[in-house]
Every structure is written in structure tokens, then in C-alpha cells.
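Here's the structure we're looking at; comments come further down.
In this text, all values refer to a predicted model and were calculated from it rather than measured experimentally. By convention in this document, chain letters (A, B, ...) are assigned in the order of the sequence lines, proteins followed by strands, and residues within each chain are numbered from 1.
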Amino acid sequence: AQSVSQHNHHVILSEAASLELGCNYSYGGTVNLFWYVQYPGQHLQLLLKYFSGDPLVKGIKGFEAEFIKSKFSFNLRKPSVQWSDTAEYFCAVGSGGYQKVTFGTGTKLQVIP
Amino acid sequence: DAGVIQSPRHEVTEMGQEVTLRCKPISGHNSLFWYRQTMMRGLELLIYFNNNVPIDDSGMPEDRFSAKMPNASFSTLKIQPSEPRDSAVYFCASSSTGATGELFFGEGSRLTVL
């Protein structure tokens, strides 16, 4: 069975600080990797995704993530966070013919102005 | 284009009552997922369907929970009888297998069982 681990449950940063959120997954086969964002009171929205090719993927709002296959990791980064990035971030793994998607437990990011 | 539509958005009920949550996926999507989100357990996959057929219901907590997808444009998640520990936000999401797993979420149904 696949699983996803997010190491940080709650992160507090000042505006302009750099962000890196860790994500590791366990699954023996080919996977698709995702980061979703949930703003307060809203539903989850796709931030970025990796299917194949360049392991460094760029998403919306200046976010990027790097797939390191040897480490089973897909960490999310942003060079300079803004107050509007305050949200909960979920790493997710899709696998199998029916693309079962499993989510990590989420990381709450609080950006202080 | 309409996104995933869930109803009701909020439901408050008393323990023991039946609760039915509804979902209309995006037209053309052939996979549908039900997730439950709580503070304690995060986002849990309850069940998912492909082409209206349940593929994996191993996440359904117990027999009180059931889900159906009678056609490509409608799914229900039913809890009978409901208990206070079922209080959560229930999300429905749909995807097209051609899009390799990207999920589109509804706004969620916030359930409170008193």
C-alpha cells in the first residue's frame, strides 16, 4: 500500500523567508506526485504536479518541487513567501491503473507579515 | 465550466439520524473519490469509484457508512446511524484517468453530529 509522510505539521515564517516542506512517499511502482493547497475555509486546489520528465516542476504562485527518486521525496519550495501563502499544504501520491490518490497529513503554513 | 458540486454545504444533525451527502462530478470525469477531513486524522480516502464501479472501499470506517454511484453524474455517501465522531468535512473529488490522477475537489460538506 502506498503512504505519504509530511514531516512538518505546522510551520511559521515571516514574509520574504524561504520555504521548504518535506514529503516522502512509499510505493514500489510508478507514481504521480502532487502538491495541493487549501486556503482557510476553502477546498483543495492543485499547486503543482509531477508525472514524468524534468524532476524539477514549477507550479502556480512561485512554488516549485523537486522529485528525487532515490530518496522517494517530493519537497515543496518557495524562495520568498507572502502573507497570502498562509494555508495548509498537502502532498499526494497517485498510483495504479485507477490512479488511487493518497494524501499526507498536511502542513499548516502561517506567514507573519 | 461547473466544478464538482456537493450538497449540502453544512449539515447539523442529531446522533442516530441518517445523513446523506451528495456529489455531482465534473462531466466527463470517470473517477470519483470521497474523502473525510478532520483535525485529528487529516484527509482520509474513504472510497473511490471508476466508471461508477467501487474500486476500493477499504477506507470506509465501518458498516454505518455506505456509498453509491448509480450513474456517471451522481454519487451519495450515507451514514446511518450517525455518531458524534462522524463530525468532519466530507470532500468529493473527481478526475479523468486520462489526466493521470489530478483531482478536482468540491467545496465540501461540513457535518456536525450532536
Contact part of A/Gln38 toward chain B, heavy-atom cut-off under 4.5 Å: side chain, backbone, both or neither?
side chain
Spell out the residues in residues 106-114 of chain B that have some non-hydrogen atom less than 4.5 Å away from a non-hydrogen atom of chain A, in order of number; otherwise answer 'none'.
B/Gly106, B/Glu107
Report yes if some heavy atom in the side chain of B/Tyr48 is under 4.5 Å from a heavy atom in the side chain of B/Tyr35; otherwise report no.
no
Hey, what's the ring geometry for B/Phe105 with B/Phe91, parallel, tilted or perpendicular (30° and 60° as the breaks)?
perpendicular
Please identify which of these residues, A/Leu44, A/Thr102, A/Val101, meets the side-chain contact (heavy atoms from CB on, under 4.5 Å) condition with B/Leu43.
A/Leu44
Assign the ring pair A/Phe67 / A/Phe74 to parallel, tilted or perpendicular, where the plane angle (0 to 90°) is split at 30° and 60°.
perpendicular
Which bit of B/Met40 is near chain A, if near means a heavy-atom gap under 4.5 Å: side chain, backbone, both or neither?
neither
Once the angle between the rings of A/Phe90 and A/Phe103 is folded into 0 to 90°, is it parallel (under 30°), tilted (30 to 60°) or perpendicular (over 60°)?
perpendicular
Could you go through the side chain to side chain donor-acceptor pair (under 3.5 Å) check for A/Ser73 and A/Asn24 one step at a time?
CA-CA 4 Å; A/Ser73 69; A/Asn24 287 89; 4.8 Å; no
Between B/Glu44 and chain A, with a heavy-atom cut-off of 4.5 Å, which part of the residue counts as in contact: side chain, backbone, both or neither?
neither
Region of A/Leu46 that comes under 4.5 Å of a non-hydrogen atom in chain B:
side chain
Counting only N and O atoms by type, is there a donor-acceptor contact under 3.5 Å from the side chain of B/Ser73 to the main-chain atoms of B/Lys24?
no
Would you say CD of B/Glu14 has more than 12 non-hydrogen atoms from neighbouring residues, nucleotides or ligands within 6.0 angstrom?
no
